[in-house]
Novice: 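Pasting a structure here, questions to come.
Atoms considered below: every heavy atom in the structure, side chains included; atoms not considered: hydrogens, waters and symmetry mates. Chain letters run A, B, ... following the sequence lines, proteins first, then strands; residues in each count from 1. A quick note: this is a predicted structure, and the numbers were derived from the prediction, not measured.
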Number of protein chains: 2
Amino acid sequence: MKNAQELIKLNHMKVTKGRLAVLQYLIDTGEPLTIENISLGVGFLNKVTVYRILDIFVSRGLVYQTDFRKGKAYFEFQEHHHHHVVCTVCGYKEEIAACISPAILKSVIKETRSFSSIDRHMLEFFGVCNKCGVSKNNY
Amino acid sequence: MKNAQELIKLNHMKVTKGRLAVLQYLIDTGEPLTIENISLGVGFLNKVTVYRILDIFVSRGLVYQTDFRKGKAYFEFQEHHHHHVVCTVCGYKEEIAACISPAILKSVIKETRSFSSIDRHMLEFFGVCNKCGVSKNNY
DNA sequence: CTCTAAAAGCAAATATTTTGCATTTAAAAT
DNA sequence: ATTTTAAATGCAAAATATTTGCTTTTAGAG
């Protein structure tokens, strides 16, 4: 388990107070957070800077950016790569280990004519949680 | 191949001029569109109404809502369910057939304690297209 | 310690999404 | 056909999210 500073260095970025704080906050909370969440959580950073820090973290693959159909981006440090199931009624989110298989990734590479490699993917599942009632259309 | 009106009726919604126009536009263009795109494309609908129409289309599974890390939602009619590879440099999008396997979906259901069914999922791949250069970090 | 490119701050603009309420309309009931 | 009514739409405004341009600060190389 590496610390924030090592992780930043390993990914070829300047180690700054802001980046350390954002990454540490993401590591500590361990759940998907919005820019607003992070900005408030860290406390001393300009929100624009938070946007820029997350942009670069995501582009280096240090942070997973995703979308839960809430009209804004969510960011999460992923010590272990994973995805979520989201309730479309109450917004409850559960972490899941299920992920695409290497075979699927290979088939993507094989299928596409315009990309020779895939850096990352975003995968989220939506349903209605047991509290909110049981959904009918399965697929 | 069903027409817009049948599709709306089949999904238990009132058939309105707005819904017909939006769905038809999505069918005709056949690519992921933003609210702005659809609003302009249809021409006569208030943008708020477009939001509301897409909300209900997505909730009924008639339309696939996704996110390409552009700070806004994309919507696409999916005659055949599919996903995309997106270039993180130029934004170029390519349609791909690759999708999660039924086995993965089963494993999600098995893994989660809070959901008894999954209605839909969002899956997108990101990379750098051949035009923009070749990315290094593969996984 | 100096220097410089990169990062952060700040203010403002732009874009996206949501909300509340008045009006219109689809389609069911008469 | 006409009436009725819940659902859909329009409109204006608010709230929220994201981007941009430019100045100042700072990490880290030399």
Novice: What residues form a ring-ring contact (aromatic ring centres under 6.0 Å, His included) with Y64(A), not counting sequence neighbours?
Specialist: H83(A)
Novice: Rounded to whole Å, please give me the gap between CZ in R19(A) and P in dG9(C).
Specialist: 12 Å
Novice: Enumerate the residue pairs fulfilling side chain to side chain donor-acceptor pair (under 3.5 Å) with a member in residues 33-46 of chain A, sequence neighbours excluded, ordered by first and then second residue.
Specialist: T34(A)-N37(A), E36(A)-K47(A)
Novice: I need the CD1-P distance between I53(A) and dT26(D), as an integer number of Å.
Specialist: 14 Å
Novice: Take atom CD1 of I56(B) and atom C1' of dT9(D), then tell me their distance rounded to the nearest Å.
Specialist: 13 Å
Novice: What is the distance from CZ of F44(A) to P of dT25(D), rounded to the nearest Å?
Specialist: 17 Å
Novice: Which one, dA8(C), dG10(D), dT9(D), comes nearest to the side chain of N46(B)?
Specialist: dG10(D)
Novice: Kindly write out the residues that satisfy salt bridge (Lys or Arg N to Asp or Glu O under 4.0 Å) with E94(B), not counting sequence neighbours, or none if the list is empty.
Specialist: R113(A)
Novice: Report, as a single string ordered 5' to 3', how protein heavy atoms within less than 4.0 Å touch nucleotides 13-26 of chain C: B base, S sugar-phosphate only, - not at all.
Specialist: ---SBBBB-----B
Novice: List for me each residue that meets salt bridge (Lys or Arg N to Asp or Glu O under 4.0 Å) alongside K131(B), sequence neighbours excluded, and say none if there are none.
Specialist: none
Novice: Tell me: NZ of K9(A) to P of dA27(D), nearest whole Å?
Specialist: 13 Å
Novice: How close do I100(B) and F125(A) get, counting heavy atoms only, and between which atoms?
Specialist: CD1-CE2, 3.4 Å
Novice: Does the N3(B) side chain pair with the main chain of Q5(B), one donor and one acceptor, at a distance under 3.5 Å?
Specialist: yes
Novice: Starting at atom CD1 of I8(A), determine the distance to atom C1' of dA6(C), rounded to an integer number of angstrom.
Specialist: 14 Å
Novice: Is it true that, when you exclude K70(A) itself, more than 12 heavy atoms of the residues, nucleotides or ligands shown sit nearer than 6.0 Å to its NZ?
Specialist: yes
Novice: If an axis is fit to five pairs at each end of the helix from dC1(C)-dG30(D) to dT30(C)-dA1(D), what is the angle between the two, to the nearest 10°?
Specialist: 40°
Novice: With the 4.5 Å side-chain cut-off for hydrophobic clustering, are Y25(A) and V48(A) part of the same group?
Specialist: no
Novice: What are the two closest heavy atoms between H84(B) and P32(B), and how far apart are they?
Specialist: NE2-CG, 3.5 Å
Novice: Whole-Å distance between dA29(D) P and H12(A) NE2?
Specialist: 13 Å
